[in-house]
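All chains are named by letter (A, B, ...) in the order of the sequence lines, taking the proteins before the strands, and each is independently numbered beginning at 1.
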Amino acid sequence: MKQKLFVYNTLSRKKEEFIPLNAPHVGMYVCGPTVYSDAHLGNCRTYISFDLIFRYLTLLGYKVRYVRNITDAGHLEGDADEGEDKIAKKAKLAQVEPMEIVQKYTVGFRDVMRILNTLPPSIEPTATGHIIEQIELTKEILARGYAYEVNGSVYFDVEKYNKTQDYGALNGRHLEDLLNNTRNLGGQDEKRGKLDFALWIKAKPEHLMKWPSPWGVGFPGWHLECSAMSNKYLGHQFDIHGGGIDLVPTHHTNEIAQNVAACGKNPATYWMHTNMLTVNGTKMSKSLGNSFLPEELFSGENDILNKPYSPMTVRFFMLQTHYRSTLDFSNDAMEASEKGFKRLMNAYDLLPGLKTSAQSDVDIESISNNCYAAMNDDFNSPVLIAELFECSRIINSVHDGKAKIDEQNLEALKKLMQTFLVDVLGLKSEAAANDELPNVLDFIINLRSEAKKSQDYATSDKIRIGLQQIGFQLKDSKEGTTWTKI
RNA sequence: GGCCAGAUGGUCGAGUGGUAAGGCAGAGGUCUGCAAAACCUUUUACAGCGGUUCAAAUCCGCUUCUGGCCUCCA
């Protein structure tokens, strides 16, 4: 408990001791979703990872302000700053207001997050709710000479910035490399440099989401919102800034540049990035068409799945891998996780009924220390889970009368399981009844069919009427028996 | 092509200098009306080649392969 916490910092590429700027307060900003379509499993993994981090920091006694934005404007489709706003495009296709798209996918995202048992962030600010802050930030960057205006758009001057600052600090690249290896994009005549990016973009007449600004009617660039909102809610400097590892080279690099240009400071002490979820070794992404929706997993309706998996199985599956490793998704891996998860939860359910002895064969304190040590080592949930399996072995052994535990150790064990299994990993028993109901009914129906076959109609009627009384109607046909809820 | 990661048993996946966690699967056993569960035991793993070191999965170099980023991405 008194051990130090170490976190891996992308800036230094090392694990560093976690020292908050203003303990016991901790500020954590995580880049949230762009709400133009459903969140897929890869997106979920990132937010589950930061949920774990949020939960553990809270356990350590920190008062965490966890800010996770909702991007509802400014995120452009396709190349650079010439594409169409993703949300506006979707709205046009569906013939609805952009904010209807935003509402639909925001609600959907929150539902999935709740189903996966992630805690809501402290603040969930939106880009459209902070247009003024973004305009002010753009003015500041212009005033300091790191941006320039062209025809109603404002661009960040990367090469000028790099003269006094290290633009590639986060991903460890030199500007020359970046310049030499950047694809030449068409239609970027307004930009002075290849790497320059938009802070404010002039809106074309047909553009749906636009706001007045000192440079004319337009909308903010994607990277700007995170700088503006982290500034507003966490200050110029805060502790942790996180997101998916794919945000490092562009989004977070630009974000740092904006903050340094405007305020002279890198906003976050620790930059933390979660690795990708892959399918057959390839990154899950919408554009590659290999993305999975959580709902497909919960329903089992996907070609590579043999069956549905519950939300807690999914959560457990993800936590069994360290957040900085890639995680490959497959039916076999899910099946293994499902069994492991059930084993863990079965043991947890046995806990209240355990009998104590005068002596104890087990030492819970050392396991507890191991649990803290695992999490203090850059939130190593796989190692934590291995310790919890050791607990489950102990619980089963005591339950079978093959091991003894005294009162004191049992209390410690209960506390440990509550703390790490429930509070930190965020796992919970699932009301299996509803999920398993169809199987149960099928089983009963089969029993009844057998009774019918042997002309035991007393039994078959008893089953049919009994089920009817508790709300299920059986229907016999040539093809077999089906049921409906009355 | 450039830059950056990674390669651990049947499988998933921890481990950054000193006897290779854990889950799933497999084998044997205990228990059991059957089955399941549970418990005990157990099996061939550090991509390859060099180097540093008393000692390397771990550090360094080269090779091979895989992935990420370089365009939007969690």
Q: Check every strand shown and say whether A:R173 touches a base, only sugar-phosphate, or nothing at a heavy-atom separation below 4.0 Å.
A: base

Q) With a non-hydrogen cut-off below 4.0 angstrom, is A:G243 in contact with a base, only sugar-phosphate, or nothing? A) sugar-phosphate

Q | Separation of the C1' atoms in B:U30 and B:U53, to the nearest angstrom | A | 48 Å

Q. Has A:T250 got a side-chain N or O lying under 4.0 Å from the OP1 or OP2 atom of B:C69?
A. no

Q) Can you tell me how far P of B:C4 sits from CG of A:L178, to the nearest Å? A) 11 Å

Q | Nucleotide opposite B:G17 in a Watson-Crick or G-U pair, distances under 3.5 Å | A | none

Q: Anything under 30° is parallel, anything over 60° is perpendicular, the rest tilted; go ahead and classify A:F109 against A:Y47.
A: perpendicular

Q) Within less than 4.0 Å of OP1 or OP2 of B:C39, is there a side-chain N or O belonging to A:R343? A) yes

Q) Is the number of heavy atoms from other residues, nucleotides or ligands under 6.0 Å of A:K286 NZ greater than 12? A) yes

Q: Could you tell me whether A:S49 contacts a base, only the sugar-phosphate backbone, or nothing, with contacts defined as non-hydrogen atoms closer than 4.0 Å?
A: nothing

Q. Considering only the C1' atoms, how many Å lie between B:G26 and B:U16, rounded to the nearest integer?
A. 32 Å

Q: Would you kindly compare A:S285 and A:L327 by the position of their nearest RNA chain B nucleotide and give the one closer to the 5′ end?
A: A:L327

Q: Report which part of the nucleic acid A:T278 touches: base, sugar-phosphate, or nothing (heavy-atom distance under 4.0 Å, all strands).
A: nothing

Q) When the distance from NZ of A:K14 to P of B:A5 is rounded to whole Å, what number comes out? A) 13 Å

Q. Roughly how many Å is it from CG in A:D246 to P in B:G68, rounded to a whole number?
A. 11 Å

Q. Using purine N1 to pyrimidine N3 plus N6-O4 or O6-N4 for Watson-Crick, or N1-O2 and O6-N3 for G-U wobble, each under 3.5 Å, what pairs with B:U11?
A. B:G23

Q) Across the strands shown, which category fits A:D328 at heavy-atom distances under 4.0 angstrom: base, sugar-phosphate, nothing? A) sugar-phosphate

(Q) Any side-chain to backbone donor/acceptor pair from A:R45 onto A:N275? Under 3.5 Å, distance only. (A) yes

Q) Can any side-chain N or O of A:N171 pair as donor or acceptor with the backbone N or O of A:V248 at less than 3.5 Å? A) no

Q) Looking only at atom C1', what distance separates B:A25 and B:C65, rounded to whole Å? A) 27 Å

Q) Which base, if any, makes a Watson-Crick or G-U wobble pair with B:G61, both distances under 3.5 Å? A) B:C49

Q. With both distances under 3.5 Å as the test, what is the Watson-Crick or G-U wobble partner of B:A35?
A. none

Q: Write down the distance between CZ (A:F389) and P (B:C24), rounded to a whole number of angstrom.
A: 6 Å

**Q.** A:K402 side chain near B:U30 phosphate (N/O to OP1/OP2, under 4.0 Å)
**A.** no

**Q.** Distance-only donor-acceptor check, side chains A:D51 and A:Y66, under 3.5 Å
**A.** no

Q) In whole angstrom, what separates A:R393's CZ from B:C40's P? A) 5 Å

Q | N or O in side chain of A:R13 less than 4.0 angstrom from B:C4 OP1/OP2 | A | no

Q: In whole angstrom, give me the gap between the C1' atoms of B:A45 and B:C12.
A: 14 Å

Q | Pi-cation contact, A:F50 with A:R68 (under 6.0 Å, within 45°) | A | no

Q. If you look at every strand shown and take non-hydrogen atoms under 4.0 Å, does A:I385 touch a base, only sugar-phosphate, or nothing?
A. nothing

Q | Rounded interatomic separation in angstrom, taking CE from A:M284 and C1' from B:C72 | A | 18 Å

(Q) Please confirm whether the shortest side-chain N or O distance from A:N396 to OP1 or OP2 of B:A38 is below 4.0 Å. (A) no

**Q.** Presence of A:K286 side-chain N/O under 4.0 Å of B:C72 phosphate oxygens OP1/OP2
**A.** no

**Q.** C1'-based separation of B:C60 from B:U52 [nearest Å]
**A.** 7 Å

Q | Distance in angstrom units between A:N380 CG and B:G13 P, rounded | A | 14 Å

Q | Base partner of B:G1, which must satisfy Watson-Crick or wobble distances under 3.5 Å | A | B:C70

(Q) On RNA chain B, compare the nucleotides closest to A:D400 and A:G340; which residue's is nearer the 5' end? (A) A:G340

Q) Should the ring pair A:Y167 and A:Y161 be called parallel, tilted or perpendicular, given that the plane angle runs from 0 to 90° and is split at 30 and 60? A) perpendicular

Q.
Categorize A:K283 for me: base, sugar-phosphate, or nothing, with a 4.0 angstrom heavy-atom threshold over every strand shown.
A. base

